[in-house]
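Working notes, structure below.
No experiment lies behind these values; they were computed from the predicted model shown. Naming convention: chains lettered A, B, ... in sequence-line order (proteins, then strands); numbering from 1 in each chain.
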Number of protein chains: 2
Amino acid sequence: MATTTATRGIYAKTPERRAEILDAALEVFADAGFRSGSLREIADKAGMSQAGLLHHFGSKKRLLAAVLEHRDEINMGFFDLNSRDGLAYMRGLLRLVAHNCSVPGLVEVYCQLSAEATSADHPAHDYFAARYVRIRKIMADSLRDVDAKGFLREGSDPDEVARDVLALSDGLQVQWLFAGKSFDMTRVLRRYLAEHITVEL
Amino acid sequence: MATTTATRGIYAKTPERRAEILDAALEVFADAGFRSGSLREIADKAGMSQAGLLHHFGSKKRLLAAVLEHRDEINMGFFDLNSRDGLAYMRGLLRLVAHNCSVPGLVEVYCQLSAEATSADHPAHDYFAARYVRIRKIMADSLRDVDAKGFLREGSDPDEVARDVLALSDGLQVQWLFAGKSFDMTRVLRRYLAEHITVEL
DNA sequence: GTCTATAATGCGATAGAC
DNA sequence: GTCTATCGCATTATAGAC
């Protein structure tokens, strides 16, 4: 891929271009999902031709993979990755949910993509399956840490609560999208967590 | 295919034909969603041509509407519609969830369709928006009845619990589909309800 | 009531000029 | 790095024969 360099001027625009395409793809996948969202529409939004777009990502599947990877990196920013403190993790989760409320398009992407990826042959199926396992584990471990510190309510099972919190988050997003973003997901989630964690979050 | 029969007797097969098509459509929409599922594939499954299929339903959108209507009627069967007893409703809900566990394809349909219908211009958007409002109201009313009979836990708000139960159900379905149907959704839901309802379900 | 044929559109991907 | 042009295929819907 030739790229950058020497003879050819100084404008290594590729990274910016890729970023623009990723933003456009996110928008389109949010509205139409992966299967029905078209490369042409993404290309239009990014201000280039469909062929030009494929020059950067090769295929529609690889574009999807890049979008998901990119979002994961950004979402990581809401958590203190060096900490194993359970309460800190839960606070990070609430920060992430609060942030999501300000970017409904992003909520729509995950809602839409995760649902269509339940089909076994969907390009993102394995990604989402692994993601759910990973998140449940991190959350359960966090709750075990909360328990070790004496802040988990008697009788609450970390694995069960982890599953419930994740399910509740997903389900709330659907209702939130249908109800015109008219309630506060953070509040609902915080109230639920208060039923299992005995310290203020 | 000429079909059966002599000259062409009395066979008003239309109702059966429509039912076959609805079953096929459900299967295809479950695998691919509405937008990506094709009439041709549905027609193939129903053993007829795509044009023959459209003779019965006119358009893809109308077929979708018929599928949703049909499922709603069937789901009604799990509830005692003449009763306003809150506990009876909750038991009906658990029966419905238990039944759903035996038809994963059906769970996939609602999961997939409800997600893509979050887009405001989706043909089923209004249907799902109204459905969420309706179900939340019925459930909250049921919980108020439970409360009136003294079986709601102190401090539990019927409207909040209704939203949570619905969100939990939706979210659990996604995890259930990704995890290879490997846990018991009924058990999880019953355990959650036990946190708010003080009598055995 | 079902079919074949086809219209009209849209898709992802590739080839090749610049 | 971006474009135009195009291939090959799939889609929804309609027209008209039987």
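Here Asp44(B) does not pair with Arg40(B) in a salt bridge; the nearest charged N to carboxylate O distance is not below 4.0 Å. Between Arg35(B) and Glu116(B), at least one side-chain N (NZ, or NE/NH1/NH2) sits under 4.0 Å from a carboxylate O, which counts as a salt bridge. With salt bridges taken as basic N to acidic carboxylate O contacts below 4.0 Å, one links Arg191(A) and Asp164(B). With respect to the salt-bridge test (charged N to carboxylate O, under 4.0 angstrom), the residues Asp147(B) and Arg144(B) do not qualify. Salt bridge Glu27(A)/Lys45(A): present, at least one basic N to carboxylate O contact under 4.0 Å. Using a cut-off of 4.0 Å between Lys/Arg side-chain N and Asp/Glu carboxylate O, Asp85(B) and Lys149(B) are scored as salt-bridged.
Every residue two or more places apart in sequence or in another chain that forms a side chain to side chain donor-acceptor pair (under 3.5 Å) with His196(B) is listed here: Ser156(B), Tyr192(B). The ring-ring contact (aromatic ring centres under 6.0 Å, His included) search around His99(B) returns Phe78(B), not counting sequence neighbours.
Atoms CG (Asp44(A)) and P (dT2(D)) sit 15 Å apart, rounded to a whole Å. Atom CD of Glu16(A) and atom P of dG1(D) are 11 Å apart (whole Å). Straight-line distance from the CZ atom of Phe57(B) to the C1' atom of dT14(D): 19 Å, rounded to whole Å. Protein atom CG of Leu53(A) is 12 Å distant from nucleotide atom C1' of dG1(D), rounded to whole Å. Put simply, NE2 on His55(A) is 18 Å from C1' on dG12(C), counting in whole angstrom units. Distance Arg17(A) CZ to dG1(D) C1': 9 Å, rounded to the nearest Å.
Of the residues in residues 21-42 of chain A, none has a non-hydrogen atom less than 4.0 angstrom from any atom of DNA chain D. For DNA chain D, the neighbouring residues in residues 59-68 of chain B, judged by any heavy atom under 4.0 Å, are Ser59(B), Lys60(B). Using a 4.0 Å cut-off on heavy atoms, none of the residues of residues 109-122 of chain A approach DNA chain D.
The ring of His122(B) has its center no closer than 6.0 angstrom to the ring center of Phe128(B).
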Distances for protein N/O vs nucleotides 14-16 of chain C N/O pairs under 3.5 angstrom?
none

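Contact annotation: His56(A) side-chain N/O to dT2(D) OP1/OP2 distance is under 4.0 Å. Not one side-chain nitrogen or oxygen of Ser49(B) sits closer than 4.0 Å to the OP1 or OP2 atom of dT2(C).
Using a 4.5 Å heavy-atom threshold, the side chains of Leu166(A) and Val174(B) count as separate.
More than 12 non-hydrogen atoms from other residues, nucleotides or ligands lie less than 6.0 angstrom from NZ of Lys181(A).
When atom types are taken as modelled, the side chain of Gln175(A) and the backbone of Arg163(B) share a donor-acceptor pair closer than 3.5 angstrom.
For the pair Arg71(B) and Tyr110(B), the NZ or CZ position fails the cation-pi test of under 6.0 Å to the six-membered ring centre and within 45 degrees of the ring normal.
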